[in-house]
2 protein chains.
Amino acid sequence: MTTLSAAARRAAARADHLDRAAACPANRLLDRLGDKWAPLVLRALADGPLRYNALSRTVAGASQKMLTQTLRALERDGFLRRTAAPGVPARVDYALTPLAESLLPLLDSLASWAEENMPRVDRSRAAYDTRRG
Amino acid sequence: MTTLSAAARRAAARADHLDRAAACPANRLLDRLGDKWAPLVLRALADGPLRYNALSRTVAGASQKMLTQTLRALERDGFLRRTAAPGVPARVDYALTPLAESLLPLLDSLASWAEENMPRVDRSRAAYDTRRG
DNA sequence: CTGTATCCCGGTTGATACTG
DNA sequence: CAGTATCAACCGGGATACAG
């Protein structure tokens with residue numbers, strides 16, 4: 001037991017920190033936003049509701065599976081409202097909720113920062129890679 | 001060839017959109033920030049430079065490998081400055097660059113939004129899961 | 001049109017061990 | 001102290017086929 005305690009304590013400490021990190025609201029938000037397709041979907045809907053098919057054309061990079069998966073996740077989190085109109089063919093609209101709309105300005109800020117500063121990042125990266133091989 | 005053209009065109013269109021998405025500065029930024037450990041490291045260094053070991057304690061959830069990997073990536077992108085002092089034992093400091101510091105306010109904004117709104121997300125999620133099984 | 005179900009590959013992550 | 005190396009596991013994500 002004493003021989004295990006050191007490793008055990010480290011493991012416990014790590015689990016603890018992982019929990020804290022997972023519990024941190026900011027990290028949880030970044031987890032969502034870090035998702036490959038979620039930001040694209042959000043932006044696609046910023047100008048107004050769209051139907052599934054229109055979304056799949058706007059976010060053309062995403063496979064059917066990933067698009068649906070992303071939509072479900074965003075709906076579950078309360079960022080999207082899904083409205084299904086029965087009939088044949090089926091018709092489903094997706095729209096941003098007020099919650100999502102309150103997030104858009106932040107995404108815009110990020111986009112602005114990115115547009116202004118990513119070139120710097122690119123140069124830094126190129127320089128770094130040159131110093132190496 | 002005609003039998004392939006439809007699928008081929010779809011594939012091309014998808015590749016095209018993928019390229020565009022990958023080229024978008026905002027997406028590239030979110031890719032970095034979506035990284036599991038990068039935001040934690042950035043926040044850990046917000047109060048001042050830290051040595052490797054101090055970082056590994058602050059960001060205790062990360063394995064050695066992931067911490068090093070994250071630090072390298074951030075350094076390459078010009079967010080971190082790495083200062084190695086020769087000698088035994090070795091001593092290495094990591095500090096934010098002005099570029100990274102200019103990003104901190106945005107991260108703070110995100111954190112504020114998250115703190116205020118993530119509870120809402122949690123409730124939405126719980127409600128969604130209740131409606132289902 | 002709007003999805004769901006299945007298979008599967010590749011990259012990312014983590015555990016562990018070793019080094020200057 | 002500050003890493004590097006290697007290996008195994010996991011999982012995100014795409015292709016494909018099928019369904020209401």
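So you know, we letter chains A, B, ... as the sequences are listed, proteins then strands, and number each from 1. Both backbone and side-chain heavy atoms feed into the values below; hydrogens, waters and symmetry mates do not.
Look at Arg76(A) and Asp129(B) and you find a salt bridge, because one of the NZ, NE, NH1 or NH2 atoms lies within 4.0 Å of a carboxylate O, short of that distance.
Within the structure, a side-chain polar atom (N or O) of Arg72(A) is placed less than 4.0 Å from OP1 or OP2 of dT4(C). The side chain of Tyr94(A) contributes no N or O atom lying less than 4.0 Å from OP1 or OP2 of dC1(C). At dC1(C), none of the side-chain N or O atoms of Arg51(A) fall inside 4.0 Å of OP1 or OP2 (strictly under the cut-off).
Note that the first and last nucleotides of DNA chain D, 5' to 3', having any atom under 4.0 angstrom from a heavy atom of chain A are dG13(D) to dA17(D).
Partner Leu80(B) forms a side-chain contact (heavy atoms from CB on, under 4.5 Å) with one of Thr70(B), Leu96(B), Thr97(B) and no other, that one being Leu96(B).
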Using distance only, find each side-chain donor-acceptor pair of residues 32-50 of chain A under 3.5 Å and give its atom names and separation, not counting sequence neighbours.
residue  : atom : partner  : partner atom : Å
Arg32(A) : NE   : Asp77(A) : OD2          : 2.6
Asp35(A) : OD2  : Trp37(A) : N            : 3.3
Asp35(A) : OD2  : Ala38(A) : N            : 3.2

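With rounding to whole Å, Arg91(A) atom CZ is found 16 Å from dG3(C) atom C1'.
Here the shortest heavy-atom pairing between Pro86(B) and Ala84(B) reads CD-O, 3.6 Å.
Counting heavy atoms of neighbouring residues, nucleotides and ligands inside a 6.0 Å radius, atom CZ of Arg28(B) exceeds 12 of them. For Glu116(B), the CD atom counts as loosely surrounded, since its 6.0 Å shell holds 12 or fewer non-hydrogen atoms of other residues, nucleotides or ligands.
The backbone N or O of Arg120(A) lies less than 3.5 Å from no partner atom in the side chain of Ser124(A), so there is not a single donor-acceptor pair.
Side-chain N/O atoms of Tyr94(A) and Thr83(A) include no donor and acceptor closer than 3.5 Å.
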Taking protein heavy atoms under 4.0 Å as touching, what does nucleotides 13-20 of chain C look like 5' to 3' if B marks base contact, S marks sugar-phosphate-only contact and - marks none?
BBB-B---
